[in-house]
Every structure is written in structure tokens, then in C-alpha cells.
Amino acid sequence: MIESPVIDTNSGTNDGLISLILDHYIASLPSVIRLLLYHGLVLVQAIRLNLALNELRMYQSSNYLPAMTYVLLTAVIPQWCAISPALVSNSLVIWIFVKLSRLYNHSNPKTLLFNTGMIAGLAVLCYHPMAILVGVVLFALAVVRPFRLAEWLILLMGISLPYYFVLSALFLTDRLSEFQSMVPDFYLGIPKGASGAVFLRGVIGLGVLLLCGLFFWQVSINRMVIQIRKNWGVMMVMLLTLLPVPFIFQLGGLESGILCLIPISAFVANAFSNPRNLSFPNLLFIATFIIIALNNWYLLKN
């Protein structure tokens with residue numbers, strides 16, 4: 001709340017429509033507006049994630065711990081404290097997860113699959129590192145439903161439809177050469193900024209929280225009904241698929257790593273909600289708060 005968040009779009013990397021919008025319309029806004037926009041965006045995403053997880057009954061009781069966890073973890077890595085295309089794209093990640101969670105017993109899965117695929121295709125156009133979500137959607141379909149060729153073809157049609165319209169528009173306007181800038185670029189390697197004491201402190205803290213969340217999740221998963229287990233299976237697929245995003249899309253920087261914060265928050269919330277003795281969750285919260293305080297002190301000094 002002390003300094004306004006920067007607009008981090010990694011200019012020049014051609015990573016989607018969201019970057020263009022942030023560069024042309026948001027970066028020039030007054031600092032107070034950017035501050036309110038950043039916190040408003042994080043809070044809206046946290047509440048939407050919380051509502052989705054409670055609606056799906058993925059915890060032993062309904063609470064606001066997933067929202068608290070998401071807000072808390074956005075400040076663990078300094079590079080995540082910015083208005084970036086990846087942060088905006090988290091809204092699409094939540095939307096896709098909600099769609100996938102309804103596949104298990106939906107009365108008309110083909111319509112749902114087509115809509116989910118189209119959202120995934122639009123997400124890639126908006127932010128190119130979201131291309132890995134195509135893999136998430138395909139794996140999730142394999143986890144949630146038995147194999148039916150028609151359903152897979154409908155999903156692939158939905159994914160390709162946005163690019164079909166874009167390609168048609170470029171062809172009709174004789175601008176096919178611009179299509180290359182709308183295709184994701186894969187650059188394997190260590191992202192810039194993945195070093196230093198501040199980064200390592202944040203990653204270690206995030207890793208410990210995730211391991212604790214996975215432990216308490218594993219303890220409670222056997223008491224859940226099949227549908228909830230399927231939903232957690234989708235969340236696990238998202239976690240494993242989104243974690244390597246900064247290393248697969250190197251030009252996206254560490255900012256792209258915030259895409260994995262949706263599944264991480266869902267699992268870490270188990271460490272806050274499942275223990276009967278509140279001493280351990282309180283200890284985790286205090287340790288996370290100390291990491292965040294140290295990160296903010298570093299940001300103020302630099």
C-alpha cells in the first residue's frame with residue numbers, strides 16, 4: 001500500500017493482447033488508480049476462487065481461507081507485486097477450472113467442452129504463456145471423463161476456433177504476416193531474476209507452504225466423495241502443468257509464475273483449514289507474514 005504497483009508487460013516480447021492493453025491504456029493512469037486497480041484485481045480473483053472452491057465443497061467446511069491464502073501468496077515473490085498480463089490471466093485460469101469441474105456429471109458435456117476449449121483458445125491469444133492451459137484442459141478431460149472421440153474433437157474445435165477467426169480476418173485484410181506475432185514462443189531456460197536472497201526466501205517459503213498443504217490434503221482426500229476427488233485431480237493437473245511456466249516461456253519472466261498461484265492457493269489452504277490444533281496454521285501464517293515484510297522492506301530500499 002506504500003508504493004503503486006508497476007505495469008510489467010515485458011515489452012517487446014509479443015506475449016498477447018493483454019500486454020498491449022496494459023501498455024497503451026493502463027500504464028499511463030495515475031499511481032493511485034493503478035494501486036486501486038491492482039488490489040481490486042487481486043481481491044476479486046481471491047473471492048471468485050473462494051466462492052468456486054466452497055461451491056464445489058472441496059474443503060471440510062466453507063470458509064474464506066482460500067481467498068486469504070491467495071492474497072497472502074501474491075506478496076511472497078516480489079516480481080508478483082505488479083499489474084502483469086499473468087496476474088490478469090489468473091481470472092481466466094479460475095474460469096477454466098470452474099468449467100472443468102462441471103464436466104463430471106454435466107447433462108450436456110459437449111456444449112461445456114466447446115465453451116471451455118474456446119475460453120482456452122482466447123486465453124492463449126490474450127497471454128501466450130497460457131498456451132500450457134491447452135495441456136491442462138486435455139489432461140483434465142482425461143481425468144474427469146471416460147474417453148469419447150467426439151468429446152475430444154469438440155474440445156479441439158473450441159480451442160482452435162479463436163485462431164480460425166483471427167487467421168480469417170488477417171487473410172481478408174491481407175495481413176497474414178502478422179499472424180506470427182500471435183503464436184506463442186517457447187524459450188527454455190532460467191527466467192531473469194531467478195536468483196538472489198529475496199527470491200530464494202520467497203521460493204523456499206512457498207515450497208514449504210505447498211508441501212504442508214499437500215500433506216494435509218493427502219490426509220483428508222480419502223474421506224471425500226468421488227466427484228470432489230475428481231475436482232482435486234483437475235487442480236493437481238493444473239498445479240503440475242503450470243509450475244514450469246516461467247522455465248518454458250522464459251521471456252515471460254518470473255511474473256508468469258503467478259499463473260500457478262491458483263492451484264497452489266487451493267492446496268495451501270488445506271494447511272490452514274484442516275489441522276484441528278490452530279498452533280500450526282498460526283505458525284505458518286506468521287512465517288509467511290515475516291517473508292512478506294522482508295520482501296516489502298527490500299522493495300522500499302530499492
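As a basis for the values below, the full set of heavy atoms in this structure was taken, side chains included, without hydrogen atoms, waters or symmetry mates. Index from 1, following the sequence.
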**Item:** Derivation and outcome, side-chain contact (heavy atoms from CB on, under 4.5 Å), residues L138 and L156
**Value:** CA-CA 9 Å; L138 295 175; L156 293 174; 4.1 Å; yes
Can you confirm whether [X] sits close enough to [Y] that some side-chain heavy atom of one is under 4.5 Å from a side-chain heavy atom of the other?
X: L210; Y: L239; answer: yes
X: Q79; Y: I258; answer: no
X: Y38; Y: V42; answer: yes
X: P263; Y: M236; answer: no
X: L22; Y: P85; answer: yes
X: V137; Y: L155; answer: yes
X: F114; Y: L161; answer: yes
X: Q227; Y: R57; answer: no

**Request:** Would you sort out whether I264 and L243 count as a side-chain contact (heavy atoms from CB on, under 4.5 Å), showing the intermediate values?
**Result:** CA-CA 9 Å; I264 287 178; L243 273 177; 4.1 Å; yes
Taking atom [atom1] of [X] and atom [atom2] of [Y], what is their separation to the nearest 0.5 Å?
X: I18; Y: I26; atom1: CD1; atom2: CD1; result: 11.0 Å
X: L261; Y: I77; atom1: CG; atom2: CD1; result: 9.5 Å
X: F247; Y: S256; atom1: CZ; atom2: OG; result: 9.0 Å
X: L35; Y: L29; atom1: CG; atom2: CG; result: 12.5 Å
X: N115; Y: K110; atom1: CG; atom2: NZ; result: 14.5 Å
X: M224; Y: M58; atom1: CE; atom2: CE; result: 7.5 Å

State whether the side chain of [X] and the backbone N or O of [Y] hold a donor-acceptor pair below 3.5 Å, judged by distance alone.
X: N295; Y: V76; result: yes
X: N270; Y: L214; result: no
X: Q45; Y: L87; result: yes
X: K230; Y: V143; result: yes
X: S89; Y: L92; result: no

Assigning hydrophobic clusters by single linkage (Ile, Leu, Val, Met, Phe, Trp, Tyr; side-chain heavy-atom cutoff under 4.5 Å), is [X] placed with [Y]?
X: L209; Y: L240; value: yes
X: F199; Y: V208; value: no
X: I94; Y: V44; value: no
X: M68; Y: I290; value: no
X: I47; Y: F97; value: no

What closest approach, in Å, do [X] and [Y] show between heavy atoms, and which atom pair accounts for it?
X: P109; Y: L103; value: O-CD2, 4.4 Å
X: S265; Y: L73; value: OG-CD1, 3.9 Å
X: V234; Y: V144; value: CG2-CG2, 3.4 Å
X: N90; Y: L259; value: OD1-CA, 3.3 Å
X: R229; Y: I221; value: NE-O, 3.4 Å
X: S220; Y: N274; value: OG-ND2, 3.3 Å

**Request:** Please list, chain by chain and in numerical order, all residues satisfying ring-ring contact (aromatic ring centres under 6.0 Å, His included) with F165, sequence neighbours excluded.
**Result:**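 Checked F165 against ring-ring contact (aromatic ring centres under 6.0 Å, His included); zero matches.
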**Item:** By ring-ring contact (aromatic ring centres under 6.0 Å, His included) - contacts of F267 (at least two apart)
**Value:**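 Expected list: W217, W232.
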Counting neighbours of [atom1] on [X] that are heavy atoms of other residues, nucleotides or ligands and sit closer than 6.0 Å, is the number greater than 12?
X: F147; atom1: CZ; value: yes
X: I226; atom1: CD1; value: no
X: M157; atom1: CE; value: no

**Audit row: D23, L20, side-chain contact (heavy atoms from CB on, under 4.5 Å) steps and yes/no** = CA-CA 5 Å; D23 279 334; L20 297 177; 5.5 Å; no
**Request:** Just do the side-chain contact (heavy atoms from CB on, under 4.5 Å) check on Y70 and N50 with the steps written out, would you?
**Result:** CA-CA 9 Å; Y70 181 79; N50 198 99; over 6 Å; no
**All pairs passing side chain to side chain donor-acceptor pair (under 3.5 Å) where residues 151-171 contributes a residue, at least two apart** =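 Matches after skipping sequence neighbours: R145-E151.
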